[in-house]
Amino acid sequence: MELLKEKILKEGIALNEHILKVDSFLNHKVDVNLMNEIGKEFANYFKDKKIDKVVTIESSGIAPAFATASCLNVPMVVFKKQHSSILNNALYETTVHSFTKNADYTLTASKKFLKENENILIIDDFLANGEAVLGTSRILAMANCNLVGVGIVIEKAFQAGRKKIEENGIDVYSLARISKLGENIVEFM
Ligand code: 5GP
């Protein structure tokens, strides 16, 4: 998506070879016009998948997920991050390793917001090693939902995430695929 790539080149800050900071339009301040375009793009790509719900992970996935759910006219469900296991019967939970924090967290979702056989689209801001998406898909499997696709705003294609998700037969659509990061270097595939 050209508009997004231009924005990344203009405002993205590559902290090192692994981390891209996009605080000025996605992770802290949000460019709502760009989010609307992102929502349209995902909604158009996944339009034939009969999506019942868009699922995302707090907090940075919420803006693009909301825009997508709005275009598809379906609800959005936000999976929550907890510091430790909370053993609540009303919740599904799984342990996920955070790439940016290099620590584990417990991902949870309320059982009442996921129904058997629903078609789910996952939307997230970044794809790195795929842990967040795979954790989300484990919870969707517990709920007997069908994961019909994954939409990613920025994929770091030099990391293992796409391979791990595609190995599970899941379609991954990324709007910007970065092949290389370095201090002041951002290169696309
Ligand atoms: P994964 O679970 O695929 O290893 O990492 C994806 C999650 O980590 C995303 O939900 C995102 O919040 C965070 N993340 C991974 N890499 C980056 C990055 O380069 N920049 C930012 N801002 N977040 C990242």
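Note that ligands are numbered from 1 as they come in the structure, with each ligand's atoms numbered from 1 the same way. Positions are given from 1, in the same order as the sequence printed here.
Counting only heavy atoms of the protein, atom 14 (N) of ligand 1 lies nearest to T100 CG2, 3.5 Å. For atom 12 (O) of ligand 1, the closest non-hydrogen atom on the protein side is D125 OD1, 3.4 Å. Nearest to atom 2 (O) of ligand 1 among the protein's heavy atoms is A132 N, 2.8 Å. In this structure, atom 6 (C) of ligand 1 lies nearest to the protein heavy atom F126 O, 3.5 Å. Remark: minimum distance from atom 22 (N) of ligand 1 to any protein heavy atom is reached at N27 OD1, 2.9 Å. Of the protein's non-hydrogen atoms, the one nearest atom 5 (O) of ligand 1 is A128 CB, 3.5 Å.
Salt bridge status for K40 with E37: present, with a side-chain N to carboxylate O gap under 4.0 Å. The residues E58 and K81 are annotated as not salt-bridged, no charged nitrogen and carboxylate oxygen being separated by less than 4.0 angstrom.
Residue contacts with ligand 1, taken as heavy atom pairs separated by less than 4.0 Å, involve F99 solely via side-chain atoms from C-beta onward. Both the backbone and the side chain of N129 come within contact range of ligand 1, each with a heavy atom under 4.0 Å. Contacts with ligand 1 closer than 4.0 Å are made by no heavy atom of V133, backbone or side chain.
Placement of L26 and Y173 within a single hydrophobic cluster is found when ILVMFWY residues are connected by side-chain heavy-atom separations under 4.5 Å, directly or transitively.
No donor-acceptor pair closer than 3.5 Å links the side chain of S174 to the backbone N or O of R177. Judged purely by atom type and a 3.5 angstrom limit, S179 uses its side chain to pair as donor or acceptor with the backbone of E187.
Close to ligand 1: H18, with a non-hydrogen atom less than 4.0 angstrom away. By the 4.0 Å heavy-atom criterion, K156 is counted among the residues contacting ligand 1. Note on ligand 1: L20 sits in its first shell, one or more heavy atoms being nearer than 4.0 Å. Distances from ligand 1 to the non-hydrogen atoms of S60 include no value under 4.0 Å. For V22, the closest heavy-atom approach to ligand 1 does not fall below 4.0 Å.
The number of heavy atoms from other shown groups lying within 6.0 Å of NZ (K115) is above 12. Heavy atoms from other residues, nucleotides or ligands lying under 6.0 Å from CG of N16 number more than 12.
For the atom pair CD1 of I38 and SG of C71, the computed distance is 11.0 Å after rounding to the nearest 0.5 Å. Within the model, atoms CG of D52 and SG of C145 stand 8.5 Å from one another, a figure rounded to the nearest 0.5 Å.
Classification of the H18-F99 ring pair by plane angle, with boundaries at 30° and 60°, yields perpendicular.
An N or O contact shorter than 3.5 Å is missing between H97 and ligand 1 by distance.
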